[in-house]
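Quick notes on the structure that follows.
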Amino acid sequence: MVLLTGSICRHIMVAMPGIFDRDGDLDGGLSVTVSGAPGGGSITAAGEVDMNTAGKLFEAIRDALRRGPDVAVDLSAVTFLDSQGIHVLVRGRQEAAERGGTLTVTDCARPVRRVLEIAGVLALLTGDDPA
C-alpha cells in the first residue's frame with residue numbers, strides 16, 4: 001500500500017484530472033444527473049461505476065426516489081460497471097418496490113449490458129430478455 005500525502009498527491013491530482021474530485025478523493029470520473037418526472041425521477045450516469053463511485057449512484061437513486069416511486073436509470077454513457085454497481089442497482093430496485101414503484105435501467109452500453117446479463121440481473125433491471 002502506498003500513501004500519498006502533501007504536494008505529491010496534489011501533483012498527481014493535476015496530472016490526472018477526472019480521476020479525483022475536488023476533495024482529492026477518487027471519483028472515477030462518474031457524473032450523475034437526476035431530474036424529476038411525474039411519479040418519479042430520471043437518472044443519467046456517465047463514466048465508471050465501481051467501489052469508489054457506487055455510493056454516488058446510490059445517492060442519486062435515493063434522490064430520485066424522493067421524487068416518486070418510479071425511477072428510470074440511463075446507463076448508456078457508463079463505460080464500466082462492477083459488482084458494487086450491480087448491488088446498488090438491485091438495492092435501488094428493492095427500495096423502489098418497497099415504495100410501490102420500480103427502478104428500470106432504460107438504456108445501457110453494450111459492455112454494461114453484458115455484465116448485467118452475466119450477473120443474471122439484466123431481465124430484472126431492464127425487462128429485456130438476454131437472448
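Because the structure is predicted, anything quoted here is derived from the model rather than measured.
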Does some side-chain heavy atom of [Y] sit less than 4.5 Å from a side-chain heavy atom of [X]?
| X | Y | answer |
| --- | --- | --- |
| Glu48 | Leu30 | no |
| Val121 | Leu89 | no |
| Thr104 | Val71 | no |
| Asp50 | Gln84 | no |
| Thr106 | Val73 | no |

How close do [X] and [Y] get, counting heavy atoms only, and between which atoms?
| X | Y | result |
| --- | --- | --- |
| Ala77 | Ala45 | CB-O, 3.7 Å |
| Ser76 | Ala109 | O-CB, 3.7 Å |
| Leu81 | Val115 | O-CG1, 3.7 Å |
| Arg91 | Arg62 | NH2-NH2, 3.5 Å |
| Thr53 | Val49 | OG1-CA, 3.2 Å |
| Gly85 | Ala54 | N-CB, 4.3 Å |

Judged by atom type as modelled, is there a donor-acceptor pair below 3.5 Å linking the side chain of Arg93 to the main-chain atoms of Leu125?
->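 Looks like no, no N/O pair under 3.5 Å.
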Does Thr102 offer a backbone N or O that forms a donor-acceptor pair with the side chain of Asp70 under 3.5 Å?
->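 Yes, because the side chain of Asp70 sits within donor-acceptor range (under 3.5 Å) of the backbone of Thr102.
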Which residues satisfy the side chain to side chain contact (heavy atoms under 4.5 Å, CB included) test with Asp63, sequence neighbours excluded?
->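 Applying side chain to side chain contact (heavy atoms under 4.5 Å, CB included) to Asp63 gives Val34, Arg66, Arg67.
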Do the side chains of Val90 and Val78 join up, straight or via other hydrophobic residues, at under 4.5 Å, putting them in one cluster?
->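 They do share one cluster, since a chain of ILVMFWY contacts under 4.5 Å joins Val90 to Val78.
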What is the distance from atom [atom1] of [X] to atom [atom2] of [Y], rounded to the nearest 0.5 Å?
| X | Y | atom1 | atom2 | answer |
| --- | --- | --- | --- | --- |
| Leu103 | Ile43 | CG | CD1 | 6.5 Å |
| Leu57 | His87 | CG | NE2 | 11.5 Å |
| Thr44 | Leu75 | OG1 | CG | 9.0 Å |

Would you mind listing every salt bridge (Lys or Arg N to Asp or Glu O under 4.0 Å) that reaches into residues 96-106, with sequence neighbours excluded?
->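 Of all non-adjacent pairs touching residues 96-106, those that pass salt bridge (Lys or Arg N to Asp or Glu O under 4.0 Å) are Glu95-Arg99.
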For the pair Arg114 and Glu117, find out whether any cationic side-chain nitrogen is under 4.0 Å from an anionic carboxylate oxygen.
->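 Looking at Arg114 and Glu117, the cut-off is met.
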